[in-house]
Amino acid sequence: MTQKQRVANAAAYVLHALPYRETSLIVELFTRSHGRIGAVAKGAKRPRSALRGVLMEFQPLAASWSGGGELKTLTHAEWKGGQPMLAGRALLLGYYLNELLLNLLPREDAHVELFDAYARSIAELGAGGAAAPGLRRFERILLAELGYLPLLTETAEGGVALDPAGEYVFVPDRGALPAAGQSAHLVRYRGAVLNAIAADDYSDPAVLQQGRQLMRTLIDQVLDGRMLNSRRIFFEMQEP
Amino acid sequence: MSVPNSLDELIAALRCLPGVGPKSAQRMAYHLLQHERDGAQRLSRALLAALQNLRHCTRCNAFAESEICARCAAPRRDASLLCVVETPADLNMMEQSQLYNGLYYCLMGRIEPLGGVGPRELQIERLIVRASGGEVQEVILATNFTNEGEATAHYLAEVLRARGLKVSRIARGLPVGAELEYTDAGTIGQALVERRPL
């Protein structure tokens, strides 16, 4: 049950917007105070609408809405500034973040830490520079906030702190287990690498590479067979 | 009350139009049948003729009656310039400026990373073939300044540049005749980020 809301000037980002009727949009917003919400932006496509050009993805907004159902009515949105438009590769990575949230975050479930992590990632993507460490950090916080992140610093059974020199595998639905005797199909991770991933420390290229592998595996498990369009198109666009 | 079959079918068919729900479709159907029978005849003929005669111009990909549309066949146009737009409506706006005398390529869409529309779905290969025929010297990317338009322009710039073509993007900034005081902050911010040396 959702209660009737009237929210003013909530920090928000547009995750996705779809045309609705002749001149309106249905927007999926990621808000700091209320998590993901769906809202109708009436008349947002009219030439003189105050919302025209404001409801863009990857831009910090102050959004106001009201309503009690599944879909709210967006009453106002204002650009908060300070964020250049994403361009090139960073833009495509931004779409990946948005699609993750659209797929995994239920509506009206506030995750302040996740919102702040998202805002930080978008700001980093806008500033240029290496994107990978920021993406891995975002993926880790996303999984942790939604309760899908296995313990990265101790074994699943027995809760023994990982030996930095030891080798471990991730067994779906269980977690990190010593690699000895486990299926050869499972990827081996060194304890030190897992500790670094848990601490978002990607100064070592090997950690970055394995972090990518681990997050990909964990996210694919949560997606449970659903494909990410942005991921497919990202790779299609890399092969000119 | 049962609705006659043909009427039912007409109402259902009208609902394929954008923004037309069951109520509007019913209103349109009754209107056409009661008050606008000549108009209805004309509509059905025009729709059939358009479906039979229109195809995509092999040069610009926009709708044409023949294999090559009149605009692409015009001898006075500068064939060394190729302007890429998202839709025929965008193409018409470019024409209205009366400042462009080159040719066009109409994508009939844009890359939509969340909607699952990528280079393959847009048949970008056709544009690449069109642009690398030897005639074209410069490709001007005139996709929208939305995120999807930017993603499309980014991709096209990469693949066309890789084939040795000169690629440019239409400029973004304040509208002509605009005053800063009355312009939205987003436009001003982006104009500042993309300022150019004088």
Side-chain angles (χ1 to χ4, degrees), chain A residues 14-24 28 45 49-61 77-103 126-128 227-240, chain B residues 17-21 23-24 110-125 127-128 131-132 141 143-165 167 169 172-175 183-195:
Chain A
V14 172
L15 295 178
H16 194 39
L18 282 173
Y20 176 64
R21 302 252 171 104
E22 203 73 330
T23 58
S24 301
E28 287 292 332
K45 289 197 293 179
S49 166
L51 294 172
R52 201 185 167 83
V54 175
L55 296 176
M56 296 237 306
E57 304 93 339
F58 319 120
Q59 294 295 327
L61 305 178
E78 216 168 287
W79 187 60
K80 283 185 29 181
Q83 171 77 42
M85 277 183 73
L86 299 187
R89 211 179 121 86
L91 175 55
L92 299 174
L93 296 172
Y95 276 117
Y96 167 69
L97 299 189
N98 284 12
E99 199 172 15
L100 279 182
L101 290 171
L102 287 166
N103 269 286
M227 302 300 283
L228 293 179
N229 280 327
S230 58
R231 193 191 270 164
R232 171 176 69 82
I233 285 164
F234 180 80
F235 287 114
E236 245 179 68
M237 288 170 75
Q238 305 303 304
E239 35 183 78
Chain B
L17 290 166
V20 175
K23 260 265 159 6
S24 309
R110 62 204 69 87
I111 289 177
E112 298 172 35
L114 295 189
V117 181
R120 219 166 290 162
E121 287 78 7
L122 270 186
Q123 299 184 303
I124 296 290
E125 203 48 45
L127 166 60
I128 295 171
S132 27
L141 300 176
T143 54
N144 287 329
F145 282 110
T146 57
N147 284 309
E148 289 175 345
E150 281 286 281
T152 310
H154 163 71
Y155 174 71
L156 292 179
E158 302 257 299
V159 292
L160 294 170
R161 242 188 253 126
R163 282 161 182 77
L165 284 154
V167 183
R169 176 92 168 104
R172 157 166 56 192
L174 296 169
T183 305
D184 69 286
T187 300
I188 293 176
Q190 200 61 34
L192 197 59
V193 170
E194 293 180 29
R195 69 187 181 279

- prompt: Which region of Glu148(B), side chain (C-beta onward) or backbone (N, CA, C, O), has a non-hydrogen atom less than 4.5 Å from a non-hydrogen atom of chain A, or is it both or neither?
  reply: both
message: Counting only non-hydrogen atoms closer than 4.5 Å, does Val20(B) touch chain A with its backbone (N, CA, C, O), its side chain (CB onward), both, or neither?
response: neither
Contacting region of Leu15(A) [heavy-atom separation from chain B under 4.5 Å]: backbone
- request: Start with the C-alpha gap between Arg169(B) and Thr143(B), add the side-chain angles, then the distance that decides, and say whether side-chain hydrogen bond (donor to acceptor under 3.5 Å, both in side chains) holds.
  value: CA-CA 8 Å; Arg169(B) 176 92 168 104; Thr143(B) 54; 3.3 Å; yes
- prompt: How would you list, by chain and number, every residue that makes a side chain to side chain contact (heavy atoms under 4.5 Å, CB included) with Met85(A), sequence neighbours excluded?
  reply: Met56(A), Gln59(A), Asn147(B), Glu150(B), Arg172(B), Gln190(B)
field: Under 4.5 Å from a heavy atom of chain A, the part of Ile128(B) involved
entry: neither
- prompt: Given side chains that start at C-beta, do those of Leu165(B) and Leu160(B) come closer than 4.5 Å, heavy atoms only?
  reply: yes
message: Centre-to-centre under 6.0 Å for Tyr95(A) and Phe234(A), is that the case here?
response: no
